Amino acid sequence: MRNRFRNSLAAGAAVAAASLTLGLAAPGVQAAAPAGAATAAAPDIPVANVKAHLAQFQQIANANGGNRAHGRAGYRASLDYVKGKLDAAGFTTTVQQFTASGATGYNLIADWPGGDTTKTVMTGAHLDSVSAGPGINDDGSGSAGVLEAALAVSRAQLKPDKHLRFGWFGAEELGLVGSKYYVNSLSSAERAKISAYLNFDMIGSPNPGYFVYDDDPALEKVFKDYFATLSIPTEIETEGDGRSDHAPFKNIGIPVGGLFSGADYTKTSAQAQKWGGTAGRAFDACYHESCDTSANIDDTALDHNTDAIAYALWQLSTGTTTPPGGDSYENTTDVTIPDSPGAAVTSSITVSGRTGSAPAALKVAVNIVHTFSGDLVVDLIGPSGKAYRLHNSSSDSTPNINTTYTVNASTETANGTWKLKVQDKGPQDTGYINSWKLTF
Ligand code: TRP
Ligand code: ZN
Ligand code: CA
């Protein structure tokens with residue numbers, strides 16, 4: 001017997017069982033675009049093209065006092081160079097201006113027209129150097145690699161399912177100033193449309209490591225998969241989380257990923273064994289120094305990492321991989337749950353336009369308003385009719401259920417009618433299904 005306070009008795013037949021079949025209800029929650037036709041494989045990016053951009057950055061530094069730092073002429077010249085290439089290739093570019101340490105800084109944002117803008121995949125690098133040198137590895141390498149990957153999108157005239165945006169940020173070396181400014185400039189609606197941010201800061205280190213950011217698992221997997229095809233072992237990036245432009249994105253809940261070939265940490269002998277190079281020496285001995293010139297680049301690392309950028313862009317934007325954040329389907333229509341003894345009620349979500357099975361980690365967000373959550377037995381019913389128990393009745397007197405459950409639904413087809421089934425097993429307390437949501 002449960003022991004709890006009751007102030008009234010109101011048995012009575014409540015509302016009859018209701019079954020609603022609703023599509024997508026909440027604003028901003030949309031069905032996935034139907035998967036595109038078979039898409040071409042990601043291109044092999046010619047490393048010579050990337051190196052040609054680095055040669056330009058070196059020349060710009062040479063002509064402007066030896067650096068491309070925030071507030072210096074070499075920065076603006078770098079931005080004009082990148083912008084010119086993107087404009088000629090058909091991107092829509094925007095220069096965003098900000099002030100830092102008394103000087104004007106600039107971010108360059110480039111959108112590739114097309115794709116679902118509510119699922120934007122954004123890729124970026126910082127375009128400024130430190131004032132001590134030309135910053136060819138840090139971060140000419142990322143800037144040039146992202147530029148060349150963007151130009152490959154244009155060469156392929158890619159028609160991605162998801163929108164592609166690229167960013168070159170200013171004043172990273174002053175404390176992520178440009179990327180923070182960019183993120184702060186976005187409305188919450190605009191933020192919600194960015195489903196992933198990929199960062200590339202130092203990808204051609206002269207004594208390279210192959211480090212993958214350990215943030216969003218789906219993004220991490222894309223990069224690991226790529227390096228697995230090359231049989232190159234990777235490690236998790238540990239040289240300082242939050243030390244580059246992905247941090248402001250991560251801080252507002254955007255899934256982030258990226259690659260890194262190492263800065264001033266020392267390569268161990270185990271790392272030299274698997275990656276080559278020199279043990280006991282920094283990955284980049286010229287990190288933040290004047291010797292970070294076009295000679296300070298390992299072409300092989302630059303090549304692999306740039307190809308990995310293209311691979312990730314194609315994977316994430318052309319429907320072969322679902323970017324993190326997933327596609328959500330929600331029913332927000334209230335369904336009254338009759339008090340015990342009463343019938344179970346259901347609320348339905350119809351999923352269409354997907355391919356294949358439901359995920360092994362299907363997210364089921366359940367919001368039930370009820371004065372005694374222990375009364376409730378809650379099941380997810382898959383399209384096959386199989387029930388997945390989410391919540392059992394108990395003596396738990398806590399009101400409401402507002403929980404996201406993870407269900408292994410891999411034996412279900414994604415498409416079909418999914419139901420949330422709720423039955424009240426304890427007399428007196430009552431409530432209703434407020435909303436529920438499936439995220440694939
Ligand atoms: N520009 C970065 C910095 O100076 C380089 C860096 C160091 C980095 N550690 C990192 C970039 C880890 C990405 C991840 O801080
Ligand atoms: Zn950097
Ligand atoms: Ca009850």
Side-chain angles (χ1 to χ4, degrees), residues 2 4-32 118 188-189 192 325-354 358 362-407 409 412 414-440:
R2 293 172 310 160
R4 60 180 164 150
F5 178 70
R6 292 179 177 280
N7 54 19
S8 73
L9 257 163
V15 182
S19 178
L20 300 175
T21 302
L22 279 195
L24 314 154
V29 178
Q30 303 198 0
T118 69
S188 56
D327 297 309
S328 291
Y329 303 79
E330 188 169 26
N331 187 335
T332 59
T333 301
D334 293 356
V335 178
T336 302
I337 305 161
D339 197 10
S340 174
V345 292
T346 60
S347 170
S348 300
I349 291 174
T350 299
V351 173
S352 62
R354 305 194 70 83
L362 177 68
K363 299 277 184 241
V364 187
V366 175
N367 184 318
I368 296 174
V369 177
H370 197 280
T371 48
F372 193 99
S373 64
D375 278 6
L376 301 173
V377 175
V378 183
D379 292 298
L380 173 73
I381 312 291
S384 72
K386 183 175 171 189
Y388 302 83
R389 179 59 46 90
L390 304 177
H391 185 272
N392 258 314
S393 57
S394 72
S395 58
D396 181 2
S397 67
T398 314
N400 306 331
I401 295 175
N402 195 3
T403 304
T404 298
Y405 302 93
T406 303
V407 172
E412 301 285 340
N415 286 340
T417 300
W418 297 77
K419 290 178 181 168
L420 189 74
K421 180 179 171 195
V422 184
Q423 187 161 24
D424 188 328
K425 297 284 196 182
Q428 189 143 27
D429 287 276
T430 57
Y432 59 95
I433 302 172
N434 192 25
S435 65
W436 70 291
K437 181 167 81 174
L438 292 170
T439 302
F440 285 80

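Keep in mind it's a predicted model, so treat the numbers as computed, not measured. Values reported hereafter were calculated over all heavy atoms of this structure, with side chains retained and with hydrogens, waters and symmetry mates removed.
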Does [X] reach the side chain of [Y], with side-chain heavy atoms less than 4.5 Å apart?
X	Y	value
Trp418	Pro383	yes
Asp379	Tyr388	no
Pro338	Asp424	no
Arg389	Val377	yes
Asp334	Asn434	yes

Once you round to the nearest 0.5 Å, how far does [atom1] of [X] lie from [atom2] of [Y]?
X	Y	atom1	atom2	result
Lys425	Leu376	NZ	CG	11.0 Å
Ser347	Ile381	OG	CD1	12.0 Å
Asn367	Thr332	CG	OG1	10.5 Å
Glu330	Thr439	CD	OG1	8.5 Å
Gln423	Thr346	CD	OG1	11.5 Å
Ile337	Asp375	CD1	CG	9.5 Å

Tell me if a side-chain donor or acceptor on Ser373 pairs with a main-chain N or O of Ile401 at a distance below 3.5 Å.
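Such a contact is absent between Ser373 side chain and Ile401 backbone.
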Does the Thr371 side chain pair with the main chain of Thr430, one donor and one acceptor, at a distance under 3.5 Å?
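Indeed, once roles are kept as given, a pair shorter than 3.5 Å links the two residues.
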Passes side chain to side chain contact (heavy atoms under 4.5 Å, CB included), Val422 versus Val335? Steps please.
CA-CA 10 Å; Val422 184; Val335 178; over 6 Å; no
Thr406 and Lys363: side-chain donor and acceptor closer than 3.5 Å?
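There is such a pair between these side chains.
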Looking only at heavy atoms, what is the nearest atom pair of [X] and [Y], with distance?
X	Y	result
Ala365	Thr404	CB-OG1, 3.5 Å
Ser352	Tyr329	O-OH, 4.2 Å
Thr417	Ser348	CG2-CB, 3.9 Å
Ala409	Ala358	O-CB, 3.2 Å
Trp436	Val366	CB-CA, 4.3 Å

Going through the distances and angles, do His370 and Asp429 end up as a side chain to side chain contact (heavy atoms under 4.5 Å, CB included)?
CA-CA 7 Å; His370 197 280; Asp429 287 276; 3.8 Å; yes
Does Phe440 form a side chain to side chain contact (heavy atoms under 4.5 Å, CB included) with Val351? I'd like the steps, not just the answer.
CA-CA 10 Å; Phe440 285 80; Val351 173; 3.9 Å; yes
Can you check side chain to side chain contact (heavy atoms under 4.5 Å, CB included) on Ile368 and His391, steps first, answer last?
CA-CA 11 Å; Ile368 296 174; His391 185 272; over 6 Å; no
Could you point out which residue of Val364, Leu420, Asn331 forms a side-chain contact (heavy atoms from CB on, under 4.5 Å) with Leu438?
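When Val364, Leu420, Asn331 are each tested with Leu438, the side-chain contact (heavy atoms from CB on, under 4.5 Å) holds only for Val364.
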